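Before any comments, here is the structure.
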Amino acid sequence: CSDDHTHAARDGHDHSHAKREFPSTKLAPPSRPLHWASLNIIHTTDSHGWLLGHQKTSFPEPNYSGDFGDFASFVTHMKEIAVEKDVDLLLVDSGDLHDGTGLSDGYPAGGVDAHASNEFFKQLPYDLLAIGNHELYIYNNTLDMHVSCKVLKLFCLQALVRYNNFAPRFNGRYLSSNVNITIDGVSRPVGDRFAKFKTRKGREVTALGVLYDFTGNDKNTTVQPVADMVKEAWFAEAIKDEPDFFLLAGHMPVSKDNWPLVFNAVRAVHPLTPILILGGHTHIRDCLQLDGRSMSLESGRYMETVGWMSAELPAPKGHGSASSSSKNITFTRRYLDPNRVTYEYHTGRGNFSFDTPWGRSITKGLENLAKVFDLSFQFGTAPHDFTINQAPYPSNDSVLSLMAEAMPVAFSLNNSRASLPNIMITNSGSLRFDIYAGPFTKNDQLTASPFADSFLYIPSVPFAAANAVLPALNGAGADERRRDETVEAELWARGYVGTRYTEWLEEMYRRDVEQGGEARHAAANLSLGYVTTDACPGVGDDTPHAPLAFNNIPDFIASDAPAVADDTPIDLVFVDFIESQLIGILNSVQKDKTYTTADILSYTDVLATEVLGIYAQQAWN
Ligand SMILES: O=c1ccn([C@@H]2O[C@H](COP(=O)(O)O)[C@@H](O)[C@H]2O)c(=O)[nH]1
């Protein structure tokens with residue numbers, strides 16, 4: 001029934017689901033079936049707690065409205081199809097499960113970030129997972145991903161009670177090839193360094209799980225640079241024997257990063273063995289081929305994309321295959337919008353036959369968790385949409401402008417310093433999602449600003465110096481150069497990837513404008529969404545869309561500067577995430593004093609996660 005494929009509503013059998021039978025919005029189905037080959041992969045990355053799907057009704061949100069229960073049902077049906085076709089289908093994740101929604105970050109005091117949401121992740125039949133940088137900002141989060149009872153005998157009982165954790169569930173397939181955690185003075189991999197396993201069809205796989213050169217990790221966790229990892233004896237030993245293919249998952253962008261180091265190290269030993277790379281981190285849809293027998297895929301962010309890769313591999317070794325063939329392998333890739341229309345289209349199911357009991361139970365469990373965490377608690381009513389890149393900055397419709405306005409309001413509560421002049425600075429990367437008109441809930445607060453960062457200050461900074469910090473941080477100095485390369489490199493290493501994502505959005509918008517976008521979209525009846533151009537052949541986006549409007553934003557934002565004389569001492573307030581850059585910049589814009597961490601004090605107990613809620617309670621009620 002074709003209509004069954006064009007609405008994302010549920011069948012209504014289970015009325016307890018009625019609340020999430022969004023969107024009633026009509027969704028376009030995919031443009032064509034997926035190409036299945038002898039080996040196929042479903043890929044997720046950078047999900048950041050977005051397991052209840054995107055719940056707002058303005059486009060592009062309905063494109064991503066499928067929840068993790070729907071995804072589980074999709075995976076079940078796809079696995080059945082793979083068996084019918086007698087081909088391999090693997091499920092792979094490339095990390096960053098923490099920081100992003102109320103489900104991951106709305107836990108009660110004393111809890112561990114994403115522990116509860118990861119219980120749902122653990123229910124999916126992932127064949128391989130890799131650690132992300134967001135698993136490493138806080139030691140306890142890393143610990144929660146670890147704990148192998150095989151290794152940690154004494155610690156285990158206590159850990160299982162407190163941290164009923166992640167890696168052991170995946171039985172050697174949660175990989176952290178270059179990431180360690182230190183427990184009781186002993187440094188050990190968070191998951192496993194590598195995995196060797198066989199697919200259902202008997203293909204031998206050698207797998208790695210690599211993190212890019214991240215340096216913002218908490219103490220007692222370590223990230224080994226990729227260039228050093230490939231020189232390790234364990235690495236040489238792991239890749240020595242030839243499998244049917246190498247599966248390189250990792251939280252590392254497929255373009256402009258270090259995958260070639262890993263790829264070349266493998267190629268030096270195995271010039272022809274297929275290499276399949278599943279990357280992440282920059283939140284974009286991207287694909288390239290490092291050679292004709294390899295494909296690298298990156299599948300977006302926030303469960304806004306489910307990636308698909310297919311590779312026509314020869315039969316497994318020992319099944320009479322010509323594994324030493326030097327011919328190019330036929331690969332395809334596709335970026336799926338995760339919604340029920342997409343899922344039903346590709347599984348040949350309708351609203352009445354799509355849900356599996358297991359998928360439904362995951363949806364129910366997520367909804368219960370949202371209740372337990374009180375995620376629909378309403379702070380106020382947002383008067384209109386506030387966006388990160390669709391609206392110019394500064395403007396009334398910019399989330400960044402909203403934050404700049406909200407900080408002084410939120411930090412003035414019970415704060416004896418509030419009457420003193422100040423400038424408050426935060427990084428725009430801390431704002432992770434748009435705010436939509438209507439009820440502004442605890443979940444909306446955490447999707448917009450999920451990092452529980454504190455605010456610090458340096459007292460008595462002369463206004464002229466304090467006021468020079470923001471432009472210097474943003475690189476808009478007198479000579480109009482982009483930000484200092486050292487600062488840029490440091491930000492990248494600490495996990496600052498906003499630039500790559502916004503460049504991607506800008507490029508799709510610019511290309512579209514050049515092609516005379518609007519009339520074309522109207523004629524083709526396109527809804528808003530991602531419009532990907534990558535370096536791989538064939539159709540990428542599963543459902544065609546028109547791109548969102550794009551405006552450039554600065555990397556750092558600040559509250560309005562006070563109207564005081566240049567030499568007036570003021571409080572320079574800033575989010576702790578940018579502490580090291582801020583001190584460096586402050587020392588570069590003035591030479592009267594060398595500021596150090598000893599000059600820094602705590603400004604407020606209000607965390608970055610709480611600012612918008614406090615503001616909404618005052619301004620939006
Ligand atoms: O405490 C924090 C931690 C991170 N950020 C911002 O997050 C991104 C990096 O996240 P990815 O998902 O790995 O892209 C980066 O832009 C940081 O600015 C933060 O603000 N505070």
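Note that the coordinates shown come from a computational prediction; the quantities given were computed from them, not determined experimentally.
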Test item: side-chain donor near acceptor, Ser310 and Thr332, under 3.5 Å:
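Side-chain D/A pair, Ser310 to Thr332: present.
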(Q) With no hydrogens and no angle check, just 3.5 Å: does a side-chain donor-acceptor pair link Asp355 and Ser73? (A) no
Backbone N or O of [Y] within a donor-acceptor pair of the [X] side chain at under 3.5 Å?
X: Trp308; Y: His35; answer: yes
X: Ser294; Y: Asp291; answer: no
X: Asp144; Y: Asn140; answer: no
X: Asn339; Y: Thr342; answer: yes
X: Ser176; Y: Val190; answer: yes
X: His251; Y: Gly279; answer: no

With a 6.0 Å cut-off on ring centres, are [X] and [Y] close enough?
X: Phe433; Y: His54; answer: yes
X: His270; Y: Phe246; answer: yes
X: Phe68; Y: Phe121; answer: yes
X: His77; Y: Phe354; answer: yes
X: His115; Y: Tyr107; answer: no
X: Tyr335; Y: Tyr530; answer: no
X: Phe214; Y: Tyr137; answer: yes

* To do: May I ask you to say whether Arg500 pairs ionically with Glu503, meaning some side-chain N is under 4.0 Å from a carboxylate O?
  => no
Does Asp534 come within less than 4.0 Å of Arg285, counting only side-chain N to carboxylate O?
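No, this pair does not count.
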Notebook entry, point to check: In terms of ring plane angle, is the pair Phe451 and His134 parallel, tilted or perpendicular, where the classes change at 30° and 60°?
Noted result: parallel
Requested in this report: Name the orientation class of the two ring planes belonging to Trp50 and Tyr302 (parallel below 30°, tilted from 30 to 60°, perpendicular beyond 60°).
Outcome: parallel
Between Phe170 and Lys122 the two heavy atoms that sit nearest each other are CZ-CA, 3.7 Å
